[in-house]
Amino acid sequence: MDSVLIAAFEILSFGAIIVLVTLGLGIIASMMGIFNFAQGEFVLLGAYITYLGATSGLPVWTGMLAAPFIVGAFGFVLERLIIRRFYLAPIVAMLGTYAIGLIIRECIRGLIGGRYISVSEPIGGSLDFGDVHVSAWRFVIIVVTLLVMVASYLLLARTTFGLKIRATLENPALARASGISTSAIYGSTFAFGAALAGLAGALVVPVFTLFADLGIRFLIQGFVAVMVGGIGSFAGPVAGAGVIGVLSAALPWVMAPVIADVLVFVLAIVFIKFRPQGLLSGRRV
Amino acid sequence: MFNDQFKLSRRRFLSSFAVTTGAIATGAGSWVFPAGWANAAAGPIKVGIATDITGAMAYAGNADTNVARMVVKEINDKGGLLGRPIELYVEDTASNESVAVGNVRKLVQREKVDMVLGGVTSSMRNAIKDPIVARGKTLYIYPQLYEGKECTPYIFCTGPTPAQQCDEFIPWLIKNGGKRFALPSANYVWPHTLNAYARKLIESHGGEVIFEEYYPLDQVEFSSTVNKIISNKVDVVFNTIIPPGVGPFFKQLYEAGFLKSGGRLACVYYDENTLNINQPEEIEGLASCLDYFKVLAKDDPVSGRIQADYDKQFPGKFLLAAGSAATGTYRGLKLWEAAVKEAGKVDRESVAAALDHAKIAEAPGGPAEMVPGKRHCKMNMYTAVAKSGTYEIVARSQGLVDPKEC
Amino acid sequence: MTKTASIASAAAAEASRRSFKVLPVLELAVLAIALVMPLLLQDYLTVFATRVLILAIFALSFDLVWGYAGIMSFGQALFFGAAGYGAALLARDLDIASMLVVLPAGILIGLVFALLLGGFLLLGRHPSSVIFLALGTLTGSYAADRLARGWYYLGGQNGIPSIPPMTLGSSDFTEGPVFYYLVLGILCVVYVGCRFLVRSQFGLALAGLRENEQRITFFGYKVQHLKLIVFALGGAIAGLGGSLYAFHEGFVWPNILGVVISTQVVLYVLFGGSGTLIGAVIGAVVIEGVSFWLSDNYREIWPIILGVLLLLVILFRPSGLVSLVLSERERVGSFGRPPKGGRHGAP
């Protein structure tokens, strides 16, 4: 019984991380129709900022708090300067964001010298539920992810700003005609997606250690999750991320990790092939 | 904490290199350390070091480079080798095998060095040995502890072998840890071969291997492994997971209460450099068996002198430690020096013939001798246990231990 | 009437321009340089140049697939690496290193993998979106990398080292000028083959496919089948490159299957200019060459510079370097016989 609880907990925490990364990717893909190949590097950026914060003498959590904002701001600037040129051509967007990701990744590789650096978590140790010990930090990750999801949902469903976003998502031309500045919305959306990735990076770095290729694995998992979940809504990427995250974390418990790793992707691709619109498609929150 | 120790970033390392000894950068990842003097007639003897200055094994590669510089400086200060100065060429293998092959080719084909010493992981050794020995026809010394079975001619191994690391260690573990063993491992040749050897020893001494599993090198999620260890009441975790996975693994194991319920960690490459990867309480009681530990410097004057020399010249965070091939590098260079002196020449055939039976009396941890015909090295072995962030020696070998290879 | 007149004058201008084709000049120039390279370089650099030529073959495979069939294959390394591993296994387990077996084996492995992956991704009731192809190929490459990393028979993380030199009869192909000329020869054969392909009727269909896929479908062409054929050919060429690479470098490891190498070849072709064949070769040579030259001083910064350059190319000159000398018309190519006189009988 204990094993099941522990397994469930680990699966949830891993799923939560994937959800954070994928949410940003999905939102950008749904809203602007482009696949941001730099999303993994935004995660890396968030992790790096956290590391900088930790080594500059401040408490670790300052870096973690700062990371989403800094990465979000960076995303906003990037969108203004470069990304908006890609909106009409998804292929070019893929390549362009890939190039941006390459620049970010190699910059960070140069700064940390190809090492694997560990960053300690602000809340360490374990929580004990009877005989079951679970990592306290993973628990925090789950909690934060839930909060973020709830906050995002509330933002989208209950605020005026959210209304504008949904309007732009549904019919950009009509939204513009109604006086909504779609370019500002796009900018904010990209920044939000980047901020989510930055947050994911900050939360994840104590678990995964910081290294230059951290982003690549998240990118691929994120993409697969978005396509499985379906583009065009808020719930789609979340559903996809949930499925991919849970599968990726659960399968290694029942089979060799390397087969589990590959199987998740194979299953996802097969699924997308036969249901190209994903699990939940359509334009809704 | 790990990140504190590594404030010495690669850039700062480069500049400290250049500033202290006037290294000439012949490329990022390539340096030459010329001697201060020259021999007009015969020119310098060229030694190539190919090791991981960047990458996951950087903690070892940098230590090895430092040791090489120290030894070469010592030799040059005493008049060089055969009256010629030694020039040190360093190439970064970057823990990346294909970069390594390219850089090693530079050493062998462009610089035409007389000997190459290097490689940390076995996969690196396997990747670079061909360009050095077969295509490059150069002598190669491999300084790191490894899985054995490297019997290629012209490759000399000066690090501990499974026989040296396990023959005394496993019985000690069974007596001081328990009979139920788990073998979590990284998926490459060293853990596979070492585990096969260890398993035979474990079973012949009455122990039991509960499970043996292999993980990709970049895996950092070990929850199912940790769960298997706890629920099967494993006594000893004989770990061969390497960085970057080892830090998270030990941390997750600690968080699950393994050490608290009396479990023992064992890891044969764990030395002073890797101690910093985890918090001291996460690795309390970890046992390791190597050819040298820093604490020996207190009793053994030779080790003390070498350790003091190193600490003075290289006061950074790359420590002279046996699991990082640093002691193997020292041994390898000194044995090679002795062989060249005996042969009187630097060409591969003569040096290899002399190196075959070379002996040195002074090295960290004690003397060392090559076993004739086997190209492996006898050395003292010590078992030590990690306590509050340092090591305590708990057992010593009786004299030099035979590597039992080839 | 003014519209017709301007068309006529444009056609006349075209006709005069048409008489000077840049492309063959460019190709011959590159060939000439390649032929004399080993005579000018030290042995050690010739080895490097051989490696670059092998990567150029690999780049050609991607150009064929993307530049001519519009498939964004982010996973070409899957075929390259699979053939490399196949060659390594042949050498290790069956002691076969003969060029006559190994190279065809590489081609076959690349072809089969491409047919399988391409068949799955391309065929089916609904045509697959570009994004899906990109993602599917990327995933294929990533999954192969992870699989090879975890499978001990393939050497796991280590890969397969110590591959013996390739043989032909009783002589070995060791690194150096001999291997260089062999690879150059193979590259030329592959290049000419591709050139014939894209200028043939098949190539005409591909050109139409690039211009307007729907219209070509309405004409009755089975677009998905066309794409699959090109994808399979691309895979075969990548496989050829892979087996050459394995024997030249002497070892294979999981990275040659993975995402980094896959995207590197995208870089080569994008940089050089897609859809021109020579662009792929030039892109590979330039990027590898500059990277090597700069690696002596700016190795850390070079990938960043590369990323910036790539971004600039994507933003401002998406047709790549080659477009600086090659006009768009020449890039697309002409088919059939040129009409007599200066009439606007454009292809």
Side-chain angles (χ1 to χ4, degrees), chain B residues 9-11 14 25-30 54 56 92 94-112 119 121-136 147 150 152 185-193 213-219 242 245, chain C residues 41-48 50-52 55 81 84 145-165 172 174-176 179 245-256 258 260-261 264 288 291-303:
Chain B
S9 77
R10 185 161 171 257
R11 289 237 166 74
L14 279 179
T26 55
S30 322
T54 58
D92 183 9
S95 304
N96 177 324
E97 281 76 354
S98 84
V99 168
V101 167
N103 284 344
V104 159
R105 276 200 188 122
K106 259 193 250 178
L107 272 182
V108 167
Q109 292 170 348
R110 188 171 77 176
E111 317 294 355
K112 300 202 176 22
T121 60
S122 288
S123 49
M124 186 58 71
R125 181 190 77 251
N126 278 330
I128 65 178
K129 70 182 185 191
D130 221 41
I132 300 173
V133 172
R135 296 174 192 219
E147 72 277 5
E150 180 59 76
T152 316
S185 325
N187 194 8
Y188 71 109
V189 66
W190 173 62
H192 276 273
T193 319
E213 269 186 4
Y214 295 90
Y215 312 105
L217 248 67
D218 56 356
Q219 176 164 329
I242 64 173
Chain C
L41 298 174
Q42 314 161 289
D43 234 18
Y44 147 69
L45 287 174
T46 304
V47 173
F48 167 74
T50 319
R51 191 170 148 265
V52 171
L55 290 172
D145 178 319
R146 302 306 301 178
L147 199 64
R149 221 170 273 275
W151 193 358
Y152 193 57
Y153 172 67
L154 295 178
Q157 180 76 19
N158 278 19
I160 301 177
S162 305
I163 301 175
D172 284 350
T174 47
E175 317 165 328
F179 210 116
Y245 191 83
F247 278 95
H248 185 255
E249 296 294 297
F251 82 109
V252 292
W253 65 315
N255 271 37
I256 64 170
V260 175
I261 304 277
Q264 209 160 316
E288 284 295 314
S291 155
F292 182 76
W293 180 60
L294 284 185
S295 82
D296 270 359
N297 287 307
Y298 302 113
R299 180 157 232 157
E300 292 150 23
I301 309 190
W302 168 238

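Side-chain atoms are counted along with the backbone in the values below, which use heavy atoms only and exclude waters and symmetry mates. Within every chain, numbering begins at 1; the chains are lettered A, B, ... in the order of the sequence lines, protein sequences first and strands thereafter.
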Checklist entry - Heavy-atom distance under 4.5 Å to chain B: side chain of Leu45(C), backbone, both or neither? => result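 Neither the backbone nor the side chain of Leu45(C) comes within 4.5 Å of chain B.
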Checklist entry - Can you tell me how far the OG1 atom of Thr152(B) sits from the CD1 atom of Ile132(B), to the nearest 0.5 Å? => result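 Thr152(B) atom OG1 to Ile132(B) atom CD1 measures 11.5 Å (nearest 0.5 Å).
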Checklist entry - What distance do Ser123(B) atom OG and Trp190(B) atom CH2 have between them, rounded to the nearest 0.5 Å? => result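 Ser123(B) OG to Trp190(B) CH2: 11.5 Å, rounded to 0.5 Å.
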Next on the checklist: Angle between ring planes, Phe179(C) versus His248(C), binned at 30° and 60°: parallel, tilted or perpendicular?
Outcome noted: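 Taking His248(C) first and then Phe179(C), their aromatic rings stand perpendicular (interplane angle over 60°).
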Next on the checklist: Only pairs of heavy atoms separated by less than 4.5 Å count here; which of Asn126(B), Asn187(B), Val101(B) has the most with chain C?
Outcome noted: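 The residue among Asn126(B), Asn187(B), Val101(B) with the greatest pair count is Asn187(B).
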Checklist entry - chain B: which of Phe48(C), Trp151(C), Trp253(C) shares the most heavy-atom pairs with it under 4.5 Å? => result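 The candidate making the most pairs under 4.5 Å is Trp253(C).
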Item to check | Student check: side-chain heavy atoms of Pro216(B) and Arg146(C) closer than 4.5 Å | outcome: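 Yes, side chains in contact.
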Checklist entry - Val189(B) versus chain C, heavy atoms under 4.5 Å apart: side chain, backbone, both or neither? => result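 Its backbone and side chain both get close to chain C.
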